Amino acid sequence: MAFRPLGDRVLVKRVEEEAKTKGGIIIPDTAKEKPQEGEVKAVGPGARDETGKRVDMDVKVGDKILFGKWSGTEVKLEGEDLIIMKESDILGVL
């Protein structure tokens, strides 16, 4: 992918949830909540601290992460629905 996030931003692809419940009921797209789990596709170089020194990112490409429900900005790149968010929006790594 030709996209490179800047600063402490991360490019994430949502993990698709199962369209069926354990009992076999199919959930329509209109009733599904957007998953709060994703895979990191690209990371920026990191933010700078008060002295101008670069702070390394805690996540790397390929990490499975959890993020807040309203985190980031949804974008479409090369036909894929992705999210650009700040590293601080990430709740944890799975």
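Because the structure is predicted, anything quoted here is derived from the model rather than measured. These values consider heavy atoms only, across backbone and side chains, with no hydrogens, waters or symmetry-generated copies.
Considering only residues two or more places apart in sequence or on other chains, R9 meets the salt bridge (charged side-chain N to carboxylate O under 4.0 Å, His left out) condition with none of them. Partners of E74 by salt bridge (charged side-chain N to carboxylate O under 4.0 Å, His left out), not counting sequence neighbours, listed by chain and number: R14, K34. Applying the side-chain contact (heavy atoms from CB on, under 4.5 Å) rule to K76 yields the partners D81; only residues at least two apart in sequence or on another chain are considered. L6 pairs by the side-chain contact (heavy atoms from CB on, under 4.5 Å) definition with R4, not counting sequence neighbours.
Residues L94 and L66 are in side-chain contact: their nearest non-hydrogen atoms beyond the backbone lie under 4.5 Å apart. In this structure the side chain of I90 reaches within 4.5 angstrom of the side chain of V10, judged on heavy atoms.
In this structure, K41 NZ and F3 CZ are separated by 14.0 Å, a value rounded to the nearest 0.5 Å.
In this structure, P5 and P45 approach most closely via the heavy-atom pair O-CD, 3.7 Å. E37 and F67 make their closest contact through C-CE2, 3.7 Å (heavy atoms, listed as atom of the first residue, atom of the second, distance).
Cluster membership for V43 and V93, using ILVMFWY side-chain heavy atoms within less than 4.5 angstrom, is shared. Under a hydrophobic clustering in which Ile, Leu, Val, Met, Phe, Trp and Tyr are joined whenever their side-chain heavy atoms come within less than 4.5 Å, directly or via other members, I84 and L82 fall into the same cluster.
We find that K13 and E39 are not joined by a salt bridge, their nearest charged nitrogen and carboxylate oxygen being 4.0 Å or further apart.
For residues 84-94, the salt bridge (charged side-chain N to carboxylate O under 4.0 Å, His left out) pairs, not counting sequence neighbours, are D8-K86.
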Exercise for review: Check step by step if side chain to side chain contact (heavy atoms under 4.5 Å, CB included) holds for L77 and L11.
Suggested key: CA-CA 10 Å; L77 294 172; L11 185 67; 4.2 Å; yes
Exercise for review: Mind running side chain to side chain contact (heavy atoms under 4.5 Å, CB included) on I65 and V40 for me, showing each step along the way?
Suggested key: CA-CA 7 Å; I65 60 166; V40 176; 3.9 Å; yes
Side-chain donor-acceptor contacts of residues 54-63 below 3.5 Å, not counting sequence neighbours, with atom names and distances?
from, atom 1, to, atom 2, distance (Å)
R54, NH1, G46, O, 2.6
K60, NZ, D63, OD1, 3.2
D63, OD2, K60, N, 3.0

